[in-house]
Amino acid sequence: MSEVLISLSNLSKSFTSGAGAVNVLNNINLDIDRGQCVALVGQSGSGKSTLLSIIGLLDNASSGHYTLCDTSVTTLSHYQLSILRNKNIGWIFQNFNLVSELTVLKNVELPMRYNSDVKKADYEAIAMKQLCLVGLQDKANSYPDQLSGGQQQRVAIARALVGEPDMLLCDEPTGNLDSKNSEQITDLLLELNQRGTTVLIVTHDNELAKRCQRIIHIIDGEITP
Ligand SMILES: Nc1ncnc2c1ncn2[C@@H]1O[C@H](COP(=O)(O)OP(=O)(O)O)[C@@H](O)[C@H]1O
Ligand SMILES: [Mg+2]
């Protein structure tokens, strides 16, 4: 039986600027089951990244309700939110967000520095395990600028996986890659989904979206049926 992982009801978001409040998300109702692979598509400015940030607990909704893993997010403290974020969510961004001064291995180790449950002595073995999974074990001592874009994105994916998150949130993961590298990253994300991780992907890449189990269209802050 399927289990709902993410449940949004009547969720709205507005930003206030000098010109007043701007509604960016309007009455979003959406359930995503554990284990799904979902593409979120829509024009630039339609609210995709804002929605992903709320789902990923980086931002709050202005109104409405969000339940993640049976936990009502709206009522949690900052501390509880940070625990839920660290335990459940891995992020992948268009520009990889690697630290250029650190080796590949040290980049992948980074999230463990913020997790007191992991012993320092175990960092390297855990990071190497994830680097093997993305096929980059031989690049552990390289620096990000010595790698291709596709390899850098694979390092970012390895880093996102160290906490063994329930879900991977990907904001335009192939946006900076050529078609060959895009296809390899798509293959990897789908493989991770096959292994059980729930995957949400904001994308303009039709080839990627078509390969997802489900496509959600967002137009002007609303999900279209
Ligand atoms: N922090 C913010 N303050 C004000 N407006 C914002 C902010 N973040 C996003 N917006 C606006 O919200 C709309 C949706 O943005 P975004 O979610 O980034 O769209 P997308 O990812 O679909 O391109 C845009 O009009 C953008 O300018
Ligand atoms: Mg965006």
Side-chain angles (χ1 to χ4, degrees), residues 5-32 36-68 73-74 76 78 81-82 85 88-98 149-150 152-154 156-157 159-160 165 167-179 181-182 185-186 188-190 192-193 197-225:
L5 179 66
I6 294 163
S7 182
L8 308 175
S9 64
N10 295 324
L11 190 126
S12 296
K13 175 74 179 176
S14 56
F15 290 106
T16 312
S17 67
V22 182
N23 290 331
V24 174
L25 297 174
N26 296 309
N27 271 321
I28 303 276
N29 290 293
L30 177 66
D31 280 355
I32 294 173
Q36 277 195 331
C37 182
V38 180
L40 200 58
V41 302
Q43 287 190 344
S44 182
S46 58
K48 305 179 299 295
S49 295
T50 304
L51 182 59
L52 208 64
S53 298
I54 292 171
I55 291 173
L57 308 176
L58 296 180
D59 200 356
N60 298 313
S62 304
S63 62
H65 209 82
Y66 175 17
T67 306
L68 173 64
V73 164
T74 329
L76 296 178
H78 283 295
L81 281 173
S82 70
R85 207 185 286 131
N88 292 293
I89 302 167
W91 276 99
I92 317 279
F93 296 99
Q94 176 170 1
N95 57 3
F96 325 129
N97 284 6
L98 299 176
Q152 290 185 54
Q153 191 60 301
R154 281 195 275 155
I157 292 172
R159 181 182 56 185
M167 61 179 181
L168 275 182
L169 302 182
C170 314
D171 198 344
E172 312 266 10
T174 61
N176 277 355
L177 303 177
D178 61 28
S179 59
N181 278 302
S182 294
I185 292 300
T186 303
L188 178 57
L189 292 174
L190 295 178
L192 296 170
N193 175 248
T197 310
T198 307
V199 178
L200 261 69
I201 309 172
V202 164
T203 188
H204 281 117
D205 180 345
N206 281 332
E207 295 306 312
L208 200 176
K210 276 195 302 203
R211 292 178 64 193
C212 295
Q213 187 180 16
R214 180 175 173 198
I215 300 183
I216 293 169
H217 294 272
I218 176 161
I219 299 178
D220 292 340
E222 292 183 26
I223 287 179
T224 59

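Atoms within a ligand are numbered from 1 in the order they appear, just like the ligands themselves.
Counting only heavy atoms from C-beta outward, the side chains of Gln153 and Ile92 approach each other to under 4.5 Å.
Judged by distance alone, with hydrogens and angles left aside, the side-chain atoms of Thr197 form no donor-acceptor pair with the main-chain N or O of Asn193 at under 3.5 Å. Put simply, the side chain of Lys48 gets close to the backbone of Gly42: a donor and an acceptor are under 3.5 Å apart. A donor-acceptor contact shorter than 3.5 Å is absent between the side chain of Gln36 and the backbone of Gln213.
Residues meeting the ring pair (Phe, Tyr, Trp, His ring centres under 6.0 Å) test with Phe96, sequence neighbours left out: none. Arg85 is linked by a side chain to side chain donor-acceptor pair (under 3.5 Å) to nothing, counting only residues two or more places apart in sequence or in another chain.
The number of heavy-atom neighbours closer than 6.0 Å to CG of Asn95, taken from other residues, nucleotides and ligands shown, is above 12.
For ligand 1, the 4.0 Å heavy-atom shell takes in Phe15, Val24, Gln43, Ser44, Gly45, Ser46, Gly47, Lys48, Ser49, Thr50, ordered by chain and residue number.
The heavy-atom pair separating Asn88 from Pro165 by the smallest distance is O-CB, 3.4 Å. In this structure, Leu177 and Gly149 approach most closely via the heavy-atom pair CD2-C, 3.4 Å.
Here 1 is the count of protein N, O or S atoms positioned under 2.8 Å from the Mg ion (ligand 2), waters not counted.
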